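Below: one structure, written as structure tokens.
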Amino acid sequence: MSVTLDLSRVARADAAPAAKPPVNLSGLTRAQLMDALVESGAAEHGKARMRATQVFRWMHHRGVTDFTLMTDVAKETRARLAEAFTIARPEVVERQVSQDGTRKWLIRMAPGIEVETVYIPSVGRSGALCVSSQVGCTLNCSFCHTGTQALVRNLTAAEIVAQVQIAKDDLLEWPSDKDDRLLSNIVFMGMGEPLYNLGSVADAIEIISDNEGIGISRRRITVSTSGVVPQLQALGEKTQAMLAISLHATNDALRDVLVPLNKKYPLEQLMAGIRAYPGISNARRVTFEYVMLKGVNDSPAEARALIKLIKGIPAKINLIPFNPWPGSDYQCSDWAAIEAFAAIVNKAGYSSPIRTPRGRDILAACGQLKSESEKVRASAMRKLSMAAMAGVLDDEDDEGV
Ligand code: SAH
Ligand code: SF4
């Protein structure tokens, strides 16, 4: 019997190693940018801070994607920067605009690495962007479509920031201090578990909130987690972002099924972690996300159990109508059940908006956007994010602008 080996994929020992793509400067905080400029020889030590701020402003205040446009940087320095680095955007593969103003971009970060980012107008202060932190997810919440998809990889800080830059390109939001900005809030409610990619998420938040650039206040940036308790403190300390918790159940037996991470970090630990979240106050309330699943978690008794569970925590509750997907085991609660649940929660003094998802027209079509299964799942995810996001940002106060 003869055996044929396919050696086409085996690297030859004498072949040159694959060239590493150049570092995208958009993913560096100003401090990291300073170091990168010094290391590359583009700035002397003494001038690094000033030079980094200049370059940072071009990227994040003006939104340029070409070093030659950095007119106050010496020509030789620009040439050196262009040799060592890039500031290009990833490719927008597909763009859709809904009749209600919702916009959606399918962005190709690298071959096979694609994410969707959605802008929703009239949410938060003026409009919110839902960004992804991973492609896929390692967790497997039983009601979530992304959970059925294996993790492809973490996104880099540059790839997270690029989602914001692309939205700003499309919304004509450069320079960043332009009046009447449409993009005021960011929510990490796209694909993935942000606390399993905290390094990149924290760097991205530092970049997005830097007043020399995009300048979106940390109070207008919300990170949603399924409850990675050991990372909560670090999230608060590193980012000062607003916290949203995907709760969905008020007892461990049910939460173990809906959010299996609960087996690792059960409710008692989760609630203790939330109570200790840095900076939590009436002006900086935690959002509890609660997906309404018919006959599973939507009874009046569960609404009362929810109030008991979160007692004493400055909180708002975001009731998310379940978004069914092909093959899912759950159904969305009836409106009457959602309203009854909301009434109990409201009576206890918590705001609990229920919102209909927006951008239905483009989201309905986006299942056909890509034939790859990943994309279909991503779009299912986007649909629900609409509802989730609307509630999280619903009654935002305007302090800390
Ligand atoms: N991984 C993070 C953030 C992304 S999920 C997290 O779990 O919090 C954003 C929100 O959408 C979460 O509250 C999630 O539980 C919810 N969600 C997921 N699938 C859903 C579905 N099919 N219908 C409604 N909400 C869903
Ligand atoms: Fe991952 Fe969040 Fe979906 Fe759970 S709900 S599988 S944590 S994306």
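Counting starts at 1 for both ligands and their atoms, in listed order. When reading the values below, keep in mind they use all heavy atoms of this one structure, side chains included, and skip hydrogens, waters and symmetry mates. What you are looking at is a predicted structure, and each value in this text was computed from that prediction instead of being measured.
- Of the listed residues (Cys130, Ser142, Cys141, Ser246), the one carrying the non-hydrogen atom nearest atom 6 (C) of ligand 1 is Ser246.
- Contact between Tyr330 and ligand 1 is absent, with no heavy atom of the residue lying under 4.0 Å from the ligand.
- Remark: distances from the non-hydrogen atoms of Met191 to ligand 1 are all 4.0 Å or more.
- Among the backbone and side-chain atoms of Cys137, none of the N, O or S atoms lies under 2.8 Å from atom 4 (Fe) of ligand 2.
- In this structure, Cys137 has no heavy atom closer than 4.0 Å to ligand 1.
- In summary, the atoms of ligand 2 found under 4.0 Å from a heavy atom of Ser226, numbered by their order in the structure, are 7 (S).
- Ligand 1 lies out of reach of Ser328, whose nearest heavy atom is not under 4.0 Å from it.
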Q) What's the verdict on side chain to side chain donor-acceptor pair (under 3.5 Å) for Arg30 and Thr53, showing C-alpha distance, side-chain angles and the deciding distance? A) CA-CA 7 Å; Arg30 251 190 310 148; Thr53 300; 3.2 Å; yes
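- Considering backbone and side-chain N/O atoms, Glu289 comes within less than 3.5 Å of an N/O atom of ligand 1.
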Donor-acceptor pairs are to be reported for all side-chain atoms of residues 38-45 against protein atoms at under 3.5 Å, with residues two or more places apart or in another chain.
unit_1, atom_1, unit_2, atom_2, d
Ser40, OG, Ala36, O, 3.2
Ser40, OG, Leu37, O, 3.1
Ser40, OG, Ala42, N, 3.3

Q) When you look at Val296 and Val257, which way does the side-chain contact (heavy atoms from CB on, under 4.5 Å) test go after all the steps? A) CA-CA 11 Å; Val296 175; Val257 175; over 6 Å; no
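- Close approach of ligand 2 to Leu139 (heavy-atom distance below 4.0 Å) involves ligand atoms 6 (S), 7 (S).
- Remark: ligand 1 atoms within the under-4.0 Å shell around heavy atoms of Gly190 are 4 (C).
- Close approach of ligand 1 to Val291 is summarised as follows: ligand atoms under 4.0 Å from at least one heavy atom of the residue are 23 (N), 24 (C), 25 (N).
- Heavy-atom proximity to Ser226, at under 4.0 Å, picks out these atoms of ligand 1: 6 (C), 7 (O), 8 (O).
- Atoms of ligand 1 lying under 4.0 Å from at least one heavy atom of His248, given by number and element, are 13 (O), 14 (C), 15 (O).
- The ring of Tyr350 has its center no closer than 6.0 angstrom to the ring center of Phe288.
- For the pair Ile320 and ligand 1, the shortest N or O to N or O distance does not fall below 3.5 Å.
- An N or O contact shorter than 3.5 Å is missing between Phe322 and ligand 1 by distance.
- Residue side and main chain included, Cys144 places an N/O/S atom under 2.8 Å of atom 3 (Fe) of ligand 2.
- Here is the list of ligand 1 atoms found below 4.0 Å of a heavy atom in Gly192: 1 (N), 2 (C), 3 (C), 4 (C).
- Distances below 4.0 Å separate heavy atoms of Glu193 from the following atoms of ligand 1: 1 (N), 2 (C).
- The neighbour count for Lys264 NZ, taken as heavy atoms of other residues, nucleotides or ligands under 6.0 Å away, does not exceed 12.
- With salt bridges taken as basic N to acidic carboxylate O contacts below 4.0 Å, none links Arg181 and Glu173.
- If you look at Phe143 next to ligand 1, the close heavy atoms, those under 4.0 Å, come from the backbone and the side chain alike.
- Side chains of Ser133 and Glu193: a donor-acceptor N/O pair is absent below 3.5 angstrom, by distance only.
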Q. What do the steps show when you test Tyr330 against Ser142 for side chain to side chain donor-acceptor pair (under 3.5 Å), and what is the final call?
A. CA-CA 9 Å; Tyr330 301 101; Ser142 53; 2.7 Å; yes
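- Of all atoms in ligand 1, listed by their number and element, those nearer than 4.0 Å to a heavy atom of Cys144 are 18 (C), 19 (N).
- Numbered from 1 in the order shown, with element, the atoms of ligand 1 that lie under 4.0 Å from a heavy atom of Thr225 read 6 (C), 8 (O).
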